[in-house]
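Contents: one structure, followed by commentary.
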Protein chains: 2
Amino acid sequence: MTYSVEWIDNKLQLLDQSRLPHEERYDMLTTVAEVADAIRTMKVRGAPAIGVAAAYGVVLAARQSERADTEARTQTIVAAIEELETTRPTAVNLFSALNRMRAALARPEPADITSRLMDEAVRIHDDEKKATTAMSTYGASLVPEGATVLTHCNAGAIATAAHGTALGVIIHAYRMGRVKRVIATETRPLLQGARLTVWELVQEGIPTTLITDSMVGHVMHTQAVDCVIVGADRIASNGDVANKIGTYGIAVLAHAHHVPFYVAAPFSTIDMGISDGGQIPIEQRRVDEVTSFGGQPVAAGGSDVLNPSFDVTPNSYVTSIITERGILSSPYLSRLKTMVENHDGKGG
Amino acid sequence: MTYSVEWIDNKLQLLDQSRLPHEERYDMLTTVAEVADAIRTMKVRGAPAIGVAAAYGVVLAARQSERADTEARTQTIVAAIEELETTRPTAVNLFSALNRMRAALARPEPADITSRLMDEAVRIHDDEKKATTAMSTYGASLVPEGATVLTHCNAGAIATAAHGTALGVIIHAYRMGRVKRVIATETRPLLQGARLTVWELVQEGIPTTLITDSMVGHVMHTQAVDCVIVGADRIASNGDVANKIGTYGIAVLAHAHHVPFYVAAPFSTIDMGISDGGQIPIEQRRVDEVTSFGGQPVAAGGSDVLNPSFDVTPNSYVTSIITERGILSSPYLSRLKTMVENHDGKGG
């Protein structure tokens with residue numbers, strides 16, 4: 001398969017997710033400005049994929065500045081990192097990837113700056129790939145035989161530059177014979193569920209049912225939903241989860257129907273620097289995403305419009321968090337700390 | 001103002017709600033087939049408006065058959081009633097209005113069949129008008145000073161052929177100075193909130209905020225929502241409420257946030273013949289309402305699609321039901337029975 005984010009021939013190849021499913025177009029980016037624009041306009045989206053794309057964006061900045069002296073180059077690359085940090089505020093993978101690139105820039109070895117940054121970008125990409133593979137194995141163990149699984153938005157291969165977080169788990173569980181059907185919410189306003197998740201699941205041959213976001217309660221009430229699995233854009237140290245707008249409502253409905261609610265996310269999504277979800281900045285996007293549909297204006301004029309791209313699900317609604325280091329349940333703070341310490345202790 | 005359903009010059013004038021807000025077009029219908037089609041395609045929608053339109057549809061059948069003998073006319077009119085009964089299954093007002101027309105047809109007076117049916121259709125229309133006026137007054141008393149009120153779908157003037165049920169209450173409360181802001185959900189798939197509710201509220205000068213259906217949880221969590229007021233398509237004798245798909249999810253979120261959840265509906269919406277919401281037939285509409293928009297496909301192909309038009313909110317989530325005879329709270333069964341008996345006892 002072709003991944004949504006690939007480094008090919010010294011260029012960043014991105015699958016333009018905004019054109020799916022109607023057109024499967026790959027763009028070849030050569031400048032950091034193009035990468036920043038692709039993140040802002042959600043041509044590349046999904047927390048892990050954004051992080052990987054941004055890392056390669058820094059490599060492009062290094063390549064663009066190869067004729068300058070070291071000091072000028074360093075300034076250019078730092079400016080590129082800072083520019084990329086402004087593209088989207090919520091997904092923490094962006095910031096963790098850029099912090100790793102900043103640290104790589106500061107290291108002495110290898111002497112060639114481009115190689116140094118390239119090595120780190122590839123490591124970030126590899127880490128995400130390995131994380132999704134490990135997560136899929138851990139997470140599939142939570143899915144019961146013959147399960148109907150509900151997911152929201154798109155946390156698939158194209159969102160992760162690898163095998164997918166929530167969809168990685170679901171696809172792995174399907175291959176093990178455990179998943180009977182996936183229910184995918186369309187995910188207004190940008191329809192990542194209808195456009196991307198259905199596209200990925202149908203390619204895998206998985207029986208899929210598309211619903212509007214408003215049908216989750218009815219579906220849980222009238223048919224058996226065995227679990228919900230979603231991704232995350234940032235997880236606070238107490239286990240509060242920021243994810244695509246609508247996730248919180250699904251978590252409350254899952255709770256009311258005694259349906260387990262799982263979040264699949266790599267450690268790059270976990271922000272141990274904040275104590276709870278109230279500290280996660282929530283991106284407000286352009287209101288015409290809401291007032292128009294597929295480019296056509298649909299709403300009556302004259303009202304205010306909200307377009308928060310994410311919401312926060314309190315940890316009390318999260319049954320478990322599936323990571324590449326294992327499955328965590330409440331109390332999240334102590335368990336996340338232990339997992340971070342064990343991992344750091346191993347020098348990993 | 002011009003109402004959405006009016007009898008003018010021996011024709012049924014309908015505001016084509018499917019074209020709003022882009023075009024305010026009124027169609028003049030002269031045949032029962034046109035009325036049935038308008039109900040099926042949701043040119044006229046909203047439980048009370050459907051009932052009134054259907055009643056006038058029976059009058060059109062009587063007018064169309066004026067040259068036939070009484071037996072043939074009666075057959076034609078009964079067939080028209082039966083045809084209209086097949087148009088939409090959930091809103092009970094359709095059936096209660098058509099039952100009234102059937103009873104009028106069976107009465108001996110006045111001798112002229114068209115006059116008899118016309119008189120009853122006008123009474124049904126008047127009853128809905130009076131009901132919404134009374135409901136507005138009762139319901140506004142529930143709205144606290146400076147309230148932010150959330151509503152779903154459209155239960156406004158255009159849905160009721162009168163002053164609106166949920167929106168009637170909200171507009172009355174606004175005129176009393178009690179409403180600071182209304183939050184309107186867009187209401188996928190047909191966007192009655194974005195197209196119709198925003199259109200009506202902005203015309204009234206009421207500060208309105210449009211959100212996607214998926215934002216309700218986030219809005220309740222991050223800002224004060226003082227109450228939810230929605231309409232209903234059918235209420236079972238135990239107080240379970242069928243209303244536009246998504247209502248149930250909003251009710252669960254309201255419960256989780258301790259926000260009162262009110263249903264404004266005339267007695268014509270209450271079906272004392274069924275014991276609970278599990279007996280309410282839920283209309284399944286065409287899946288292209290979900291997979292395409294304005295004729296343009298938006299979803300990836302290859303999946304199943306659900307499109308239930310309504311869901312059922314269990315009575316335990318309903319704080320109160322606002323009717324034209326007063327405000328009811330749990331236990332609904334005994335209180336609804338008492339209200340029906342008192343009303344029937346008054347010969348009303």
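Sequence lines set the chain letters: A, B, ... in the order given, protein chains first and strands last, and positions in each chain run from 1.
By number of non-hydrogen pairs under 4.5 angstrom with chain B, the leading residue of A:His257, A:Lys244, A:Met220 is A:His257. With chain A as the partner, the residue from B:Pro207, B:Ala299, B:Gly249, B:Gly278 showing the most heavy-atom pairs under 4.5 Å is B:Ala299. Among the candidates A:Gln296, A:His152, A:Met215, the residue making the largest number of heavy-atom pairs closer than 4.5 Å to chain B is A:Met215. Highest contact tally toward chain B, considering only A:Ile183, A:Ile282, A:Thr185, A:Val252, is held by A:Val252 [criterion: heavy-atom pairs under 4.5 Å]. No other option in B:Leu253, B:Val202, B:Asp311 has as many heavy-atom pairs under 4.5 Å with chain A as B:Val202. Top candidate by heavy-atom pairs under 4.5 Å with chain A, chosen from B:Ile211, B:Ile206, B:Val298, B:Leu191, is B:Val298. Heavy-atom pairs under 4.5 Å with chain B were tallied for A:Thr313, A:Asp304, A:Val287; the largest tally goes to A:Asp304. Among the candidates A:Ala300, A:Pro297, A:Gly217, the residue making the largest number of heavy-atom pairs closer than 4.5 Å to chain B is A:Ala300.
Neither the backbone nor the side chain of A:His255 comes within contact range of chain B, judged by heavy atoms closer than 4.5 Å. Residue B:Val198 touches chain A through both its backbone and its side chain, counting heavy-atom pairs closer than 4.5 Å. Heavy atoms closer than 4.5 Å to chain A are found in both the backbone and the side chain of B:Ile245. In this structure, chain B has heavy atoms under 4.5 Å from both the backbone and the side chain of A:Leu306. Of the two parts of A:Gln223, only the side chain, counted from C-beta on, holds a non-hydrogen atom closer than 4.5 Å to a non-hydrogen atom of chain B. Only the side chain of A:Asp213 comes within contact range of chain B, judged by heavy atoms closer than 4.5 Å. Of the two parts of A:Val182, neither the backbone nor the side chain holds a non-hydrogen atom closer than 4.5 Å to a non-hydrogen atom of chain B. Residue A:Val216 does not touch chain B at all, counting heavy-atom pairs closer than 4.5 Å.
Tested against A:Arg181, the residues A:Asp226, A:Thr209, A:Thr148 include a single side-chain hydrogen bond (donor to acceptor under 3.5 Å, both in side chains) partner, A:Thr209. With B:Val263 as reference, B:Val230 is the one residue of B:Val230, B:Asn315, B:Thr319 to meet the side-chain contact (heavy atoms from CB on, under 4.5 Å) rule.
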Which is it for A:Met42 and A:Gln192 under the side chain to side chain contact (heavy atoms under 4.5 Å, CB included) test, yes or no, and what are the steps along the way?
CA-CA 11 Å; A:Met42 295 176 66; A:Gln192 290 93 336; 3.4 Å; yes
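Not one N or O on the side chain of A:Ser214 forms a donor-acceptor pair closer than 3.5 Å with the backbone of A:Thr212. No donor-acceptor pair closer than 3.5 Å links the side chain of B:Thr160 to the backbone N or O of B:Thr165.
Defined by atom type and a distance below 3.5 Å, a donor-acceptor pair is missing between the side-chain atoms of A:Asn154 and A:Arg195.
Here the closest heavy-atom approach between residue A:Ala155 and residue A:Ala159 is recorded as CA-CB, 4.1 Å.
Classification of the B:Phe293-A:Phe293 ring pair by plane angle, with boundaries at 30° and 60°, yields parallel.
Other residues, nucleotides and ligands contribute more than 12 heavy atoms inside 6.0 Å of the CZ atom of B:Arg25.
Under the 4.5 Å side-chain criterion, counting only non-hydrogen atoms from C-beta, A:Tyr248 is in contact with A:Pro314.
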